[in-house]
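Scope of the values below: all heavy atoms of this structure, side chains included, with no hydrogens, waters or symmetry mates. Computed from a prediction, not measured in an experiment: that's the story for all the values here.
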Amino acid sequence: ASRIDENRKNFSYNTFITTGVSKEISLNYSPYNHYYTKFVSDLCKSDTIIIIGYSFNDEHINRCLSSFLKITKKKKIIIVDYQKELSQSPFLMDDIITNIHIALNYDLEMFNHNEYIDINNGNKFGWIYPQVLFYNNGYENFLNDYKEVLSSYSDSIYTV
């Protein structure tokens, strides 16, 4: 292993995975810079992305996702995750919706509170933001429901 930054106790093991506080520093070096460039390039070419099981805790990824949504209103994200119990009101607990809100730099007035309540009351999915559909029935169930989710997605009032 070789040190990436002498002031930090993180190492590059020359693999496709980078971890630790020096994660963003490693994006300046091969092979990570190639992976990151490819990721950003693919985002720009896409109109819809599906995110499965992501915590929204990586700033370098969050910046890309936030920018992706700002390119045009036609850009959409479908988030597949599982939250056993959402808070009765958003932003009162540290849940996945709060992480998404912070990561995507949304304003409070953009939050679709009715859809959030519907998800709390048993709906498997809903539009939590005009460009973000949240599937709350877990990754293991998404494959069974993907046709229903994508049908709802394409029929949505938010589709431009």
Side-chain angles (χ1 to χ4, degrees), residues 4-5 8 10 12-83 86 90-91 94-113 115-116 119 123-160:
I4 290 177
D5 183 336
R8 299 177 187 212
N10 293 281
S12 167
Y13 294 96
N14 199 22
T15 68
F16 67 94
I17 297 174
T18 181
T19 63
V21 295
S22 66
K23 193 181 300 185
E24 289 207 42
I25 294 170
S26 68
L27 296 176
N28 294 320
Y29 302 96
S30 288
Y32 311 114
N33 59 347
H34 298 290
Y35 301 145
Y36 191 67
T37 301
K38 175 74 170 132
F39 170 68
V40 172
S41 173
D42 288 347
L43 274 182
C44 290
K45 295 175 191 172
S46 302
D47 287 327
T48 302
I49 58 173
I50 299 174
I51 299 171
I52 300 176
Y54 172 55
S55 66
F56 292 89
N57 288 322
D58 293 308
E59 288 300 317
H60 61 290
I61 301 294
N62 296 343
R63 279 192 304 272
C64 294
L65 296 175
S66 181
S67 295
F68 168 80
L69 291 174
K70 291 174 184 169
I71 293 171
T72 175
K73 298 281 186 205
K74 292 181 181 181
K75 302 285 187 182
K76 308 286 189 226
I77 296 176
I78 298 172
I79 299 169
V80 177
D81 213 312
Y82 185 73
Q83 184 88 17
L86 298 172
F91 317 115
D94 183 27
D95 62 19
I96 188 67
I97 302 294
T98 302
N99 289 354
I100 293 166
H101 176 82
I102 293 167
L104 299 180
N105 296 315
Y106 270 110
D107 295 325
L108 286 174
E109 64 268 14
M110 293 181 75
F111 185 76
N112 190 339
H113 190 73
E115 294 277 338
Y116 183 87
I119 292 170
N123 282 2
K124 292 185 251 183
F125 58 90
W127 289 93
I128 58 173
Y129 297 101
Q131 294 170 263
V132 180
L133 184 120
F134 182 70
Y135 178 84
N136 188 41
N137 204 24
Y139 352 106
E140 62 279 354
N141 294 313
F142 181 70
L143 291 178
N144 295 326
D145 295 334
Y146 79 95
K147 286 184 182 178
E148 178 186 356
V149 173
L150 295 181
S151 174
S152 171
Y153 170 82
S154 63
D155 295 340
S156 168
I157 61 170
Y158 296 116
T159 303
V160 178

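Remark: S66 OG to I61 CD1 distance equals 13.0 Å, nearest 0.5 Å. N136 CG to I128 CD1: the interatomic distance, rounded to the nearest 0.5 Å, is 9.5 Å. Remark: I49 CD1 to L69 CG distance equals 7.0 Å, nearest 0.5 Å. Separation of atoms CG (L104) and CD1 (I79) is listed at 6.0 Å; rounding is to 0.5 Å. In this structure, CD in Q131 is found 7.5 Å from OG1 in T72, a value given to the nearest 0.5 Å. Rounded to the nearest 0.5 angstrom, S151 OG and K147 NZ are separated by 11.0 Å.
With contacts defined as side-chain heavy-atom distances shorter than 4.5 Å, the pair D81/Y139 qualifies. V132 has its side chain out of reach of K76: every pair of non-hydrogen atoms, C-beta onward, lies at least 4.5 Å apart. Between F56 and I96, the closest side-chain pair of non-hydrogen atoms falls below 4.5 Å. Side-chain contact between I78 and L150 is present, with at least one heavy-atom pair separated by less than 4.5 Å. The shortest side-chain heavy-atom distance between H101 and Y129 falls under the 4.5 Å cut-off.
For the residue pair F68 and S46, the shortest heavy atom distance occurs at CE1-O, 3.4 Å. T37 and N33 get closest at one heavy-atom pair: OG1-O, 2.8 Å. Taking every heavy atom of both residues into account, Y135 and F125 meet most closely at CA-CB, 3.7 Å. When all heavy atoms of L43 and C64 are compared, the pair lying nearest together is CD1-CB, 3.6 Å.
Counting non-hydrogen atoms of other residues, nucleotides and ligands closer than 6.0 Å to OH of Y146 gives a total of 12 or fewer.
Contacts classified as salt bridge (Lys or Arg N to Asp or Glu O under 4.0 Å) and involving residues 126-144 (residues at least two apart or in different chains) are not found. Counting only residues at least two apart or on different chains, the salt bridge (Lys or Arg N to Asp or Glu O under 4.0 Å) pairs with a member in residues 34-43 are K38-D42.
The closest side-chain donor-acceptor pair between Y54 and N99, if any, does not fall under 3.5 angstrom.
Residues satisfying the salt bridge (charged side-chain N to carboxylate O under 4.0 Å, His left out) criterion with K124, sequence neighbours excluded, are D145, E148.
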